[in-house]
Peer 1: 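Pasting a structure here, questions to come.
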Protein chains: 2
Amino acid sequence: MVAANKGRPHQRLRTRKDLLQAAARLMRQGGKPSLEDVAADAMVSRATAYRYFPDIGALLAEASLDVDVPDAETLFAGETTQDPVVRLEIVDQALHQAVVEHEPQMRRMLAHAVTRSLDIPPGDAIPPRQNRRLPLIDAALAPARAQFGPAALRRLEYALALIVGTEGVIVAKDVLRINDAEARRVKRWAIRALVEAARKPNR
Amino acid sequence: MVAANKGRPHQRLRTRKDLLQAAARLMRQGGKPSLEDVAADAMVSRATAYRYFPDIGALLAEASLDVDVPDAETLFAGETTQDPVVRLEIVDQALHQAVVEHEPQMRRMLAHAVTRSLDIPPGDAIPPRQNRRLPLIDAALAPARAQFGPAALRRLEYALALIVGTEGVIVAKDVLRINDAEARRVKRWAIRALVEAARKPNR
DNA sequence: ATTGACATGAGACAAATGCCTCATTAGAAT
DNA sequence: ATTCTAATGAGGCATTTGTCTCATGTCAAT
């Protein structure tokens, strides 16, 4: 593995970027490129690719990762509503769309994230999974925070996180086998139900 | 691949079982056995292993699959309650426990299920993912079916399926990074909220 | 008991994976 | 401009993966 934070940052960033872009490009075209393909497309030697990524799976997963999910600020830029349900539906819409638009990458990413803890030596620290979901949920609820108690808010955010992320879309597709429209409908209903339940004084 | 339903069913089932058992045994011991290891342990030639499973991933995933989740009948055997919330919590408890008890296998299984649609030739049929969740949810709601309209029932079942399965446990662990107790608490709250929302006349 | 279809074992093969070393190159600091 | 070090390229190596062929063994039906 190449050094992390000294020496030649530019060069390192460039080759890293080239590798990820090549991987993304090849995946967009067709199935599962080999590390050799990626390295060749990035005009980088195979050894160098292994210096940046522990294995081909990690490379592909990370290349799948730069699906740009809008952040909270841009998502709520022109939005004036205070209604948490409306704002949550905006979040769900954005995430849902990102998933269906980049479904193969999202699936690969999820698979990698889910098994990462297995392939590292036991007793070693598990790198935290990157998380775009909670900040968005939090931002959606921000204007209405006063409506909930602190514990209820936390509980609500966690429950919502079970519904709005990648996994929800995948479950709807693979387990429930329903189409996008119905999946969206189910989630919207659930979101509203949870928010309203959290609004109640207690329990 | 070996024939599916003619010839010598006994022999086929035996070797298939031997392979799966060997894979399960080796996985229980340590990390990720190679197909060669599995074949050797099953006292079967490598070629034969490939005749039963398309690749090592499928073998390991299927070997992880025989985690016995109780079916609806045994789960509700001594149960007299009609309350759907209580019954749903029983289901959630059972599934949650099955996941945490066999976490590595469940993760492998999920990863395989999630990416299976990617590695098959495009345009080909996607084999349905096996589903233990909906029947259990359905059984939990069965005594209370009259309380819901048909559309509301469907919607409720789908929403619940987003919360109670494997994915929910994984999200709680990896994304929310909360412990089992809190995960259970969040899910119980969400389940109750959804059921009660579905009870209301409409919307 | 014999036959015929079916399952298996043995081994060859190309490709991919991950790891390694050593020489060369390119960037950063002086 | 020179120097030193970090990054790279080239290639080798052992292992694994997945596919194929052909000979052999074995089950089941007659």
Side-chain angles (χ1 to χ4, degrees), chain A residues 1-23 26-27 29-63 108 111-112 115-116 118-121 124, chain B residues 1-23 26-27 29-63 108 111-112 115-116 118-121 124:
Chain A
M1 184 65 61
V2 84
N5 49 2
K6 49 180 182 176
R8 256 163 291 175
H10 288 169
Q11 194 178 19
R12 265 187 286 119
L13 284 178
R14 209 164 1 117
T15 57
R16 183 187 173 78
K17 167 184 66 65
D18 288 347
L19 281 168
L20 289 175
Q21 285 182 351
L26 292 178
M27 282 200 295
Q29 288 182 5
K32 236 187 61 176
S34 74
L35 187 136
E36 180 130 32
D37 295 336
V38 177
D41 193 273
M43 292 182 297
V44 151
S45 92
R46 214 162 61 84
T48 296
Y50 275 111
R51 288 185 181 107
Y52 282 84
F53 300 94
D55 56 59
I56 173 70
L59 206 180
L60 296 186
E62 194 149 344
R108 257 183 246 285
H112 186 254
T115 48
R116 203 170 27 157
L118 302 179
D119 299 325
I120 62 179
D124 215 340
Chain B
M1 185 63 66
V2 84
N5 50 1
K6 50 178 179 178
R8 254 164 293 175
H10 288 169
Q11 194 177 19
R12 266 186 285 117
L13 284 178
R14 205 158 11 104
T15 57
R16 183 187 173 78
K17 168 184 65 64
D18 288 347
L19 282 168
L20 289 175
Q21 286 181 350
L26 292 178
M27 281 200 296
Q29 289 181 5
K32 237 188 61 176
S34 75
L35 188 137
E36 180 130 33
D37 295 337
V38 177
D41 193 272
M43 292 183 296
V44 152
S45 91
R46 215 163 60 85
T48 297
Y50 276 111
R51 287 186 181 107
Y52 282 84
F53 300 93
D55 56 59
I56 174 70
L59 206 179
L60 296 186
E62 194 148 343
R108 256 184 246 287
H112 186 253
T115 47
R116 202 171 26 157
L118 301 179
D119 299 325
I120 62 179
D124 215 341

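Chain identifiers are assigned alphabetically (A, B, ...) following the order of the sequence lines, protein sequences preceding nucleic acid strands; residue numbering begins at 1 within each chain. Just so it is clear, the values below take in all heavy atoms, side chains as well, and ignore hydrogens, waters and symmetry mates. Since the model is a prediction, treat every value here as computed from it, not as a measurement.
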Peer 1: Does B:Arg46 have any side-chain hydrogen bond (donor to acceptor under 3.5 Å, both in side chains) partners at least two apart in sequence or in another chain, and if so, which?
Peer 2: none
Peer 1: Quick check for you: to the nearest 0.5 Å, what is the distance between B:Phe53 atom CZ and B:Leu60 atom CG?
Peer 2: 9.5 Å
Peer 1: Please tabulate, for side-chain N and O atoms in residues 16-23 of chain B, each donor-acceptor pair with protein atoms closer than 3.5 Å (sequence neighbours left out).
Peer 2:
unit_1, atom_1, unit_2, atom_2, d
B:Arg16, NH2, B:Glu62, OE2, 2.3

Peer 1: Taking Watson-Crick (N1-N3 plus N6-O4 or O6-N4) and G-U wobble (N1-O2, O6-N3), each under 3.5 Å, can you produce the dot-bracket string of DNA chain D? Use [ ] for crossing pairs and | for inter-strand ones.
Peer 2: ||||||||||||||||||||||||||||||
Peer 1: Summarise protein proximity over nucleotides 15-24 of chain C in one line of letters, 5' to 3': B for base, S for sugar-phosphate only, - for none, counting protein heavy atoms closer than 4.0 Å.
Peer 2: --BBBBB---
Peer 1: Just to be sure I understand the rule, does A:Phe53 reach a base, reach only the sugar-phosphate, or reach nothing, if contact means heavy atoms closer than 4.0 Å?
Peer 2: nothing
Peer 1: Could you write nucleotides 23-30 of chain D as a row of B, S and -, 5' to 3', where a protein heavy atom under 4.0 Å of any base atom gives B, of only sugar-phosphate atoms gives S, and otherwise -?
Peer 2: --BBSS--
Peer 1: Taking salt bridge (Lys or Arg N to Asp or Glu O under 4.0 Å) as the definition, give me every residue that meets it alongside A:Asp41, ordered by chain and number, with sequence neighbours left out.
Peer 2: A:Arg25
Peer 1: For C:dT8, does either OP1 or OP2 sit under 4.0 Å from a side-chain N or O belonging to B:Tyr52?
Peer 2: yes
Peer 1: Below the 4.0 Å mark, does D:dT8 have OP1 or OP2 next to a side-chain nitrogen or oxygen of A:Thr15?
Peer 2: yes
Peer 1: Can you name the nearest heavy-atom pair linking A:Tyr50 to A:Asp55, along with the distance?
Peer 2: CE2-CA, 4.4 Å
Peer 1: Which pair of non-hydrogen atoms, one from B:Thr115 and one from A:Arg108, has the smallest distance, and what is that distance?
Peer 2: CG2-CA, 4.2 Å
Peer 1: Any side-chain heavy atom of B:Pro33 within less than 4.5 Å of one from B:Ile56?
Peer 2: no
Peer 1: Can you tell me if B:Ser45 touches the phosphate of C:dA10, counting only side-chain N or O atoms and a distance under 4.0 Å to OP1 or OP2?
Peer 2: no
